[in-house]
Amino acid sequence: MQATARAQPNIALVKYWGKQTGGNNEPAVSSLSITLDTLWTRTHVRFDPQLPSDEFTLNGARDPAQARRVINGLEMMRNLKGIDTKAAVESENNFPTGAGLASSASGFAALVTAVDAALELSLETARLSSLARRLSGSAARSLFGGFVELWSLRPGEQESAAKPLLDAEDWPLEVVVAVVSEEAKVIGSTRGMELSRETSEYYAQWLNSADYDMEVCRHAVMDRNFEGLAEISERSCLKMHAVALATQPGLIYWQGPTIECMHRIRQLRDGGTPVFFTVDAGPQVKAVCLPGHASAVAAELDAVPGVKRTLITGLGPGARVVQEG
Ligand code: PMV
């Protein structure tokens with residue numbers, strides 16, 4: 001009744017921002033992401049009849065903010081098994097939590113994978129992706145490696161799930177994360193999306209153009225068209241932030257160095273370096289580049305005033321069960 005799983009965060013190139021109103025945490029727009037390699041969450045789950053209640057620790061400390069969603073995940077999967085046994089969940093991240101590096105994505109992908117193994121449910125990966133999506137929309141995508149699509153619900157479907165588009169080895173892009181701030185964001189993505197749906201004048205147009213952006217992006221990936229990928233990814237990112245900025249109150253996830261990094265990346269691309277930026281609901285900048293360019297891009301971003309440090313990673317696999325240790 002115990003197992004350990006590891007999962008990596010993912011970064012959306014076509015962004016998810018907005019939920020459907022019917023519940024189940026269904027996204028209102030489709031998204032396309034890349035799963036990272038060297039950043040990870042490792043989660044150990046142990047079901048124990050002696051435990052009076054579920055327990056959750058993150059990096060060795062209790063984390064009441066995340067515990068509710070972890071318990072929701074345990075409940076969903078206990079119901080599938082038809083048991084009531086409580087669990088101790090120990091999770092560990094090797095990267096900063098809550099600052100736009102999608103720790104919830106790797107966290108909930110690792111959780112459902114570990115619980116599936118601990119309870120011997122043997123669910124298909126698509127099913128695990130749906131379960132993870134209910135806990136955090138972006139987590140659905142970390143069940144798979146490489147390039148991953150998550151289409152919003154199509155007519156006749158009950159639940160959306162992510163699916164793999166292209167393996168990491170088939171187009172091994174590199175990613176440089178420029179860490180601008182390690183403080184947790186002020187308005188989290190769930191609340192931010194809700195506010196945008198309720199108040200942003202650009203929200204309807206954002207929904208209307210999402211499927212088109214997906215098609216453009218998936219073609220760029222399948223054709224290994226880096227310039228096309230750069231164009232659609234930056235556009236989707238900037239549109240998402242335009243929706244956020246037009247929300248009441250305006251959601252400004254960027255800091256000064258965020259914008260400086262975006263300019264620097266554009267200059268590098270104009271000068272021939274194959275690189276583009278994307279930014280999520282936080283100040284960190286992710287620069288995506290063709291293989292062999294990450295070190296040079298990292299050196300450039302390290303030199304931008306206000307950048308605390310950079311991390312380099314490739315593309316990696318989906319969530320999986322690992323042996324202890
Ligand atoms: O999965 P959530 O609810 O944390 O939302 C993630 C939203 C963004 O990171 C801003 C975009 C995305 O598609 O990952």
Side-chain angles (χ1 to χ4, degrees), residues 3 5-36 41 43 45 69-70 72-81 102-168 170 189-190 193 207 210-215 217-219 221-222 236 280 315-321:
R6 198 187 263 242
Q8 276 89 256
N10 67 77
I11 292 176
L13 304 181
V14 172
K15 301 290 187 196
Y16 153 54
W17 192 256
K19 299 175 194 295
Q20 294 192 4
T21 48
N24 270 351
N25 205 33
E26 282 291 350
V29 291
S30 307
S31 54
L32 197 155
S33 60
I34 44 179
T35 302
L36 304 181
T41 300
T43 298
V45 177
R69 280 199 285 176
V70 171
N72 286 348
L74 292 169
E75 277 300 316
M76 277 188 325
M77 297 182 78
R78 271 193 289 256
N79 286 342
L80 294 175
K81 186 76 178 176
S103 57
S104 62
S106 51
F108 291 113
L111 178 74
V112 297
T113 303
V115 174
D116 178 67
L119 295 180
E120 295 177 354
L121 287 165
S122 302
L123 298 174
E124 290 188 354
T125 314
R127 187 75 203 288
L128 291 176
S129 170
S130 278
L131 291 168
R133 192 217 63 243
R134 286 173 172 234
L135 304 169
S136 160
S138 56
R141 302 185 307 235
S142 277
L143 267 297
F144 299 97
F147 296 79
V148 181
E149 303 173 273
L150 173 56
W151 288 88
S152 56
L153 266 191
R154 305 287 111 177
E157 281 178 359
Q158 301 292 318
E159 293 246 358
S160 64
K163 56 182 182 187
L165 176 63
L166 189 73
D167 286 344
D170 292 329
S189 52
T190 299
M193 287 181 199
L207 299 191
D211 276 6
Y212 177 76
D213 289 353
M214 280 293 282
E215 290 297 348
C217 190
R218 74 190 305 278
H219 279 106
V221 171
M222 296 317 285
S236 177
D280 291 299
L315 306 194
R320 64 229 173 265
V321 174

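Keep in mind that this is a model prediction, so the values were computed, not measured.
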Passing candidate, side chain to side chain contact (heavy atoms under 4.5 Å, CB included) with D116, options V321, V45, T125, L128: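 That would be L128; it is the only one of V321, V45, T125, L128 passing the side chain to side chain contact (heavy atoms under 4.5 Å, CB included) with D116.
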Hey, what do you get for [atom1] ([X]) to [atom2] ([Y]), rounding to the nearest 0.5 Å?
{"X": "L121", "Y": "R78", "atom1": "CG", "atom2": "CZ", "result": "12.0 Å"}
{"X": "R154", "Y": "S160", "atom1": "CZ", "atom2": "OG", "result": "9.5 Å"}
{"X": "S130", "Y": "L143", "atom1": "OG", "atom2": "CG", "result": "9.0 Å"}
{"X": "R141", "Y": "E149", "atom1": "CZ", "atom2": "CD", "result": "11.5 Å"}
{"X": "W151", "Y": "R218", "atom1": "CH2", "atom2": "CZ", "result": "6.5 Å"}
{"X": "M214", "Y": "S152", "atom1": "CE", "atom2": "OG", "result": "8.0 Å"}

Does any N or O in the side chain of [X] come within less than 3.5 Å of the main-chain N or O of [Y], such that one atom is a donor and the other an acceptor?
{"X": "T35", "Y": "N10", "value": "no"}
{"X": "R133", "Y": "N24", "value": "yes"}
{"X": "D167", "Y": "G146", "value": "no"}
{"X": "N25", "Y": "K19", "value": "no"}
{"X": "S129", "Y": "A162", "value": "yes"}

